Every structure is written in structure tokens, then in C-alpha cells.
Amino acid sequence: MNTHDEDFMRRAFDAATRTKRDGGNEPIGAVIVRDGKILAIGANEVTTSCDPTAHAEMVAIRQATSNLKSSDLRGATLYSTLQPCGMCTMAMIWSKVSRIVYGAGRDDVHQMYFEDRHMDTLDYINDAYRDDISLEGGVLKPECAGLYNPPEADVPVEEQGNL
Ligand SMILES: [Zn+2]
């Protein structure tokens, strides 16, 4: 873990809390940092923008690359409150993010937040052509996991977005 990981994760946590409170979106937040500077703060906007691709990580990547006028985020770290899904993981590989840090992992929360049953999408990182991307989970894990339904929660089917 790096010195400021918890500080940046806290910013992602705040973004997650805000998007739930203000828009009723699932509370997921993401922050992109390079050279100690925040390039973008994104939050899940799927419900408010009627866009299934508007995950917090995607929103943050679009904001950062747009601000930089470059699609290359090499050297940047992306913080997410929840283990990224396959779509976001692929987007991070394509955007050349160097480091991925997440709070709660898929075993810490209900399966409703993930798209697949068995495959761990973070295996994509291991299978990617790139060898300059690293991954770390569990930063502020208790706080981040507290944003979500726990694994054993009895969530009504109509509230499970992945079914
Ligand atoms: Zn995602």
C-alpha cells in the first residue's frame, strides 16, 4: 500500500456516498491520480443517465482522458470503492492505467454487483499483454464494504441489476 492510498480511497468513498444520496445510483466511486494529483473523480451514474456503461470507473476515465486530451493514462492509479467489473477492467487496460486499487472485493459483497458467476474479471489483468499494470485490493475495506449489501443479504430479484 502507498502512503496516500487511504486518502484517495476516501475521496472515492465520498463520491460513492453522494451519487447514492443525490441520484439513487448504486454507491460506487472512483478516483484517478497521477503524480499525487487527482485527475478525475467519478461516480456511478447508471441510473441517473440511463447508461449501463456509466460505471464510476468509466466516468472517471472519460473525465481524465478528456481533461488531458489524451487516451493514455500510463503512470496513473485508479481507485475504486468496489472491485472493478470486466468492462471497467478492460477499459483500464486499454487506457493504460498503471495501478488499480480497490476497496471491497467481490467476496465481501453481494453477487448482485458482478456480471459473472465464476470468472474473476481481474484475471484479465494477468492475461493482458501488458506487464506494467498492478492490482491491489482491500484499501479501506470495512468502510467500502459497508456501502453495499453483504454477501448473504436477501435482496429481492427486482433489485438485482445483474439478473
Ligand atoms: Zn464496471
Side-chain angles (χ1 to χ4, degrees), residues 5 8-34 38-67 71-73 76-128 130 133-141 143-151 153 155 159-163:
D5 279 352
F8 291 127
M9 187 62 80
R10 215 168 287 286
R11 302 292 294 269
F13 179 91
D14 290 344
T17 307
R18 273 196 307 275
T19 200
K20 171 81 174 176
R21 185 193 62 216
D22 300 342
N25 297 291
E26 289 294 349
I28 301 164
V31 173
I32 300 178
V33 177
R34 187 158 66 187
I38 292 178
L39 299 179
I41 299 179
N44 177 28
E45 297 173 0
V46 168
T47 300
T48 43
S49 61
C50 302
D51 178 359
T53 71
H55 287 191
E57 300 94 322
M58 303 292 283
V59 171
I61 289 170
R62 286 179 184 132
Q63 197 186 107
T65 54
S66 168
N67 289 344
S71 64
D72 193 328
L73 294 175
T77 298
L78 189 150
Y79 296 87
S80 179
T81 52
L82 184 60
Q83 180 171 336
C85 75
M87 172 179 69
C88 294
T89 304
M90 276 298 175
M92 285 180 233
I93 290 171
W94 283 114
S95 65
K96 302 185 170 58
V97 162
S98 292
R99 187 167 171 251
I100 301 170
V101 179
Y102 61 90
R106 60 183 290 157
D107 294 338
D108 304 317
V109 302
H110 195 276
Q111 65 179 21
M112 64 182 278
Y113 301 105
F114 294 92
E115 78 281 46
D116 59 85
R117 293 180 203 277
H118 303 296
M119 187 176 62
D120 192 324
T121 54
L122 295 180
D123 289 341
Y124 292 160
I125 301 291
N126 297 326
D127 289 340
R130 295 179 51 207
I133 184 165
S134 72
L135 175 72
E136 188 174 336
V139 173
L140 293 187
K141 181 158 111 172
E143 292 92 330
C144 290
L147 290 166
Y148 310 106
N149 289 315
V155 183
E159 289 175 24
Q160 297 189 36
N162 60 351
L163 294 182

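Position 1 is the first residue of the sequence; numbering continues from there. Quick caveat: nothing in here was measured; it's all calculated off a predicted structure. Because only heavy atoms are used, hydrogens play no part in the values below, and waters and symmetry mates are left out as well, while side chains stay in. Each ligand, and each atom within it, is numbered from 1 in the order the structure gives.
- A donor-acceptor pair shorter than 3.5 Å cannot be found between the side chains of Q111 and N162.
- Taking every heavy atom of both residues into account, A12 and V31 meet most closely at N-CG2, 3.5 Å.
- Going from atom CD1 of I41 over to atom CZ of F8 covers 9.5 Å, rounded to the nearest 0.5 Å.
- Within a 6.0 Å sphere centred on CD of E143, other residues, nucleotides and ligands contribute more than 12 heavy atoms.
- Side-chain contact, N25 with T48: a donor N or O sits under 3.5 Å from an acceptor N or O.
- The CD1 atom of I61 sits 13.0 Å away from the OG atom of S66 when rounded to the nearest 0.5 Å.
- For the Zn ion (ligand 1), protein N, O or S atoms under 2.8 Å: 3 in total.
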